[in-house]
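I have placed the structure first, in the form of structure tokens, so that the comments after it can refer back to it.
In what follows, every heavy atom counts, from backbone to side chain, and hydrogens, waters and symmetry copies are set aside. For clarity, every value in this text was computed on a predicted model and none was experimentally measured. When a ligand or atom number is given, it counts from 1 through the structure's own listing order.
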Amino acid sequence: MTTSIDSLQDALAAHGQEHVLRYWEELTDDERAALAAQIEEIDLAQMERLIDIWVKNEPKPEHFDAITPVPVVPPVDPSRADAKEALAAGEDALRAGRIGLVVVAGGQGTRLGYDGPKGAYPIGALTERTLFAYHADKIHGLQRRYGVTLPWFVMVSDTNRAETEAYFQQHAFFGLDPADLKFFQQKMVPCVDANGKYMLDSKGVLAMNPNGHGGSLLALIDEGIVAECRSRGIDTLSYFQVDNWAVKVADPYFLGYHLLGQSEFSSKVHRKREARESVGVHCMCDGVPHVIEYSELDIYPKLLETDADGKPVHFAGNPAIHVLDIGFVERVYNEFERFPWHRAHKKIPYIDNNGQRVEPDAPNGYKFETFIFDALQLTERAPVALEILAPGEYTPIKQMDGPNSVTAARASMAAYWSEWLEAAGMTIERDGDGNPVHLVEISPRFALDKAEFVEKTQGVSWPAPGPIFVDGVGTIFQGR
Ligand code: UTP
């Protein structure tokens, strides 16, 4: 790596960005090396294209002649023949070691505002077990059930890699074999101001953000994960987001529908309750599968249509739970220049021309990101969309309270697990609306679904109603 000011200056000047070196003389050698490393990671030409499209001009939204609902597989009913076939195919693939797991955990978690990687957030209201711990418990449950190793690939970014790795080490990798747990790092992109100029976060550090969860499609190849999968005989990836506590990791039904449907990239979808619900909509645009972000609903008002009962016609909300074919990841990587980017107008602290740090109180710059679901547009075979019921599958944790929050997720999971307890014979106290009064946690290491839970708890004498936690080996803890 070079820290020569001249070569950096020339490279930056070719794209009108040499101003970021203006405090070079004040930097220590280490700071210079770190700044040079940041700059060398940037695809300067690509940034120039993005700035041209998104900052210097205002791109027109894509026009579609026809937007139609995406064909959806209805929610799994285990007694249906297609579901039985899907389960058998998914379980065969799991037992054969064809499945790897990818969690994306490289985001900045700004809305949650937790001081640490989002995956280390103590979501368990009774146990304070974290999101990462819960996902690891699911992996233990799956490995036990299918007698197989499920390698876990954890995407991090420069913003949280060191903390995330340290966190896993402190917790002895939650009992998983470190040889089967790999961290891989997505790239960062510079933030730009209203004139398309890169911004400095401090005199020797560029303001940058991770390149979005779509960056996983690059990082999986760049960081050797796909090569490792190939050498392990893995051809299919179960993809999920760290902030979805409920997600069914490597759901055999979903894997089976994906494999039997010869899909390259499959998605779960959940039924939107109302047309303006803040979730992207999976739909077909001129015959091509897309996810249209909720912020773009007014650009495509067709997506707001409702039926005679007032229910959204385009109901397929996208919870970012996917299955990916490894060959598809390789193809998208090679075609990544076609991959769409998105721009977000944000408040970005920066160092001004006088060397002073400014904390803006209104959006003053842009962040660029890619979204995994845009890979749908690059599919060549019809992607599978499997409808799910949100409880027990989708509890995104974006903020502390309100919709998609910690509070909502805890209530949703307490309701979901309370049904398991009821099925197993415990009395559940409910309020006037039918919601359980007490918090519940059940370790997925003990049971991955209601049937398994009921079977394993036969003969248990349940305590009186109250908060309850069932740990990984089935021990029952009462109270908080
Ligand atoms: P979000 O888009 O909700 O972002 O990411 P976030 O970082 O969690 O939160 P905000 O928007 O800053 O408040 C959904 C999932 O995608 C991952 C996140 O870690 C989260 O699991 N993600 C997001 C990445 O891995 N990399 C990114 O660049 C962006």
Side-chain angles (χ1 to χ4, degrees), residues 41 50 101-121 123 130-132 134-135 138 152-161 163-165 167-168 182-191 207-220 222-223 225 237-247 249 267-268 278-280 291 293-296 317-322 324 336 339-349 363 365-375 394-406 408-409:
E41 190 182 320
L50 293 179
L101 313 173
V102 173
V103 66
V104 289
Q108 292 172 301
T110 340
R111 286 167 289 171
L112 186 65
Y114 175 63
D115 185 18
K118 209 183 202 182
Y121 182 76
I123 187 62
T130 63
L131 289 161
F132 278 134
Y134 259 98
H135 296 321
K138 292 174 204 174
W152 191 15
F153 306 112
V154 180
M155 188 168 86
V156 288
S157 66
D158 193 42
T159 61
N160 62 15
R161 180 173 200 141
E163 281 173 282
T164 306
E165 288 199 32
Y167 175 75
F168 272 83
K182 295 273 156 69
F183 299 92
F184 69 107
Q185 188 165 330
Q186 65 180 127
K187 290 226 156 86
M188 305 284 287
V189 285
C191 307
M208 296 180 93
N209 61 276
N211 62 353
H213 35 65
S216 58
L217 295 163
L218 295 178
L220 281 166
D222 287 335
E223 300 273 285
I225 304 299
L237 297 172
S238 162
Y239 169 105
F240 58 104
Q241 302 194 328
V242 76
D243 57 7
N244 184 7
W245 183 21
V247 67
V249 174
S267 309
K268 286 192 169 176
S278 55
V279 60
V291 170
E293 276 188 275
Y294 63 87
S295 56
E296 295 184 342
N318 164 48
I321 305 166
H322 301 289
L324 287 145
F336 207 78
F339 208 88
W341 283 79
H342 300 257
R343 167 196 71 174
H345 200 201
K346 297 272 181 183
K347 286 189 246 178
I348 303 167
Y366 297 99
K367 292 185 176 184
F368 296 106
E369 280 192 297
T370 54
F371 298 151
I372 182 81
F373 49 71
D374 283 327
Y394 182 49
T395 55
I397 291 157
K398 303 297 179 192
Q399 50 183 348
M400 289 296 176
D401 285 306
N404 297 340
S405 67
V406 168

Just to confirm my output: which protein heavy-atom neighbour is closest to atom 4 (O) of ligand 1, and how far is it? Arg111 NH2, 4.2 Å
Does Gly212 have a non-hydrogen atom less than 4.0 Å from ligand 1? yes
Give the numbers and elements of all ligand 1 atoms closer than 4.0 Å to a heavy atom of Val242. 21 (O)
Decide whether the shortest distance between a heavy atom of Gly109 and an atom of ligand 1 is less than 4.0 Å. yes
Hey, is CZ on Phe336 packed in by over 12 heavy atoms from elsewhere, all under 6.0 Å? yes
Short N/O distance, under 3.5 Å, between Leu112 and ligand 1? no
Determine, considering heavy atoms only, which of Gln186, Gln241, His213 sits nearest to atom 26 (N) of ligand 1. Gln186
Return the residue, atom name and 0.1 Å-rounded distance of the protein heavy atom closest to atom 25 (O) of ligand 1. Gly106 N, 2.7 Å
Check Met188, Gln186, Glu369 against Asn211 for a side-chain contact (heavy atoms from CB on, under 4.5 Å) and give me the one that passes. Gln186
Residue-level breakdown please: for Pro210 versus ligand 1, do any non-hydrogen atoms fall below 4.0 Å on the side chain, on the backbone, on both, or on neither? both
Nearest-neighbour protein heavy atom for atom 21 (O) of ligand 1, which is reported as residue plus atom name and distance: Val104 O, 2.9 Å
Check whether Lys367 reaches the backbone of Ile348 with its side chain - one donor and one acceptor, N or O, closer than 3.5 Å. no
Is there at least one pair of N or O atoms, one from Glu369 and one from ligand 1, spaced under 3.5 Å apart? no
Give me the nearest non-hydrogen protein atom to atom 3 (O) of ligand 1 as residue plus atom name, then the distance to 0.1 Å. Lys398 NZ, 2.6 Å
Find out whether Leu324 and Leu217 are in side-chain contact, i.e. whether some heavy atom of one side chain is under 4.5 Å from a heavy atom of the other. yes
Number the atoms of ligand 1 from 1 as they appear, then name those within less than 4.0 Å of a heavy atom of Thr110, with their elements. 9 (O), 10 (P), 12 (O), 13 (O)
Compute the shortest N/O to N/O distance between Met155 and ligand 1 and return yes if it is under 3.5 Å, no if not. no
Would you tell me which option among Gly215, Ala320, Gly107 has the nearest heavy-atom contact to atom 29 (C) of ligand 1? Gly107
Aromatic ring proximity, centroids under 6.0 angstrom, His213 and Tyr239: no
A side-chain contact here means heavy atoms from C-beta on lying under 4.5 Å apart; do Tyr394 and Asn244 qualify? yes
Taking the six-membered ring for Trp and the full ring for Phe, Tyr or His, determine whether the centres of Phe368 and His342 are under 6.0 Å apart. no
State the atoms of ligand 1, each with its element, that fall below the 4.0 Å cut-off from a heavy-atom position in Lys118. 6 (P), 8 (O), 9 (O)
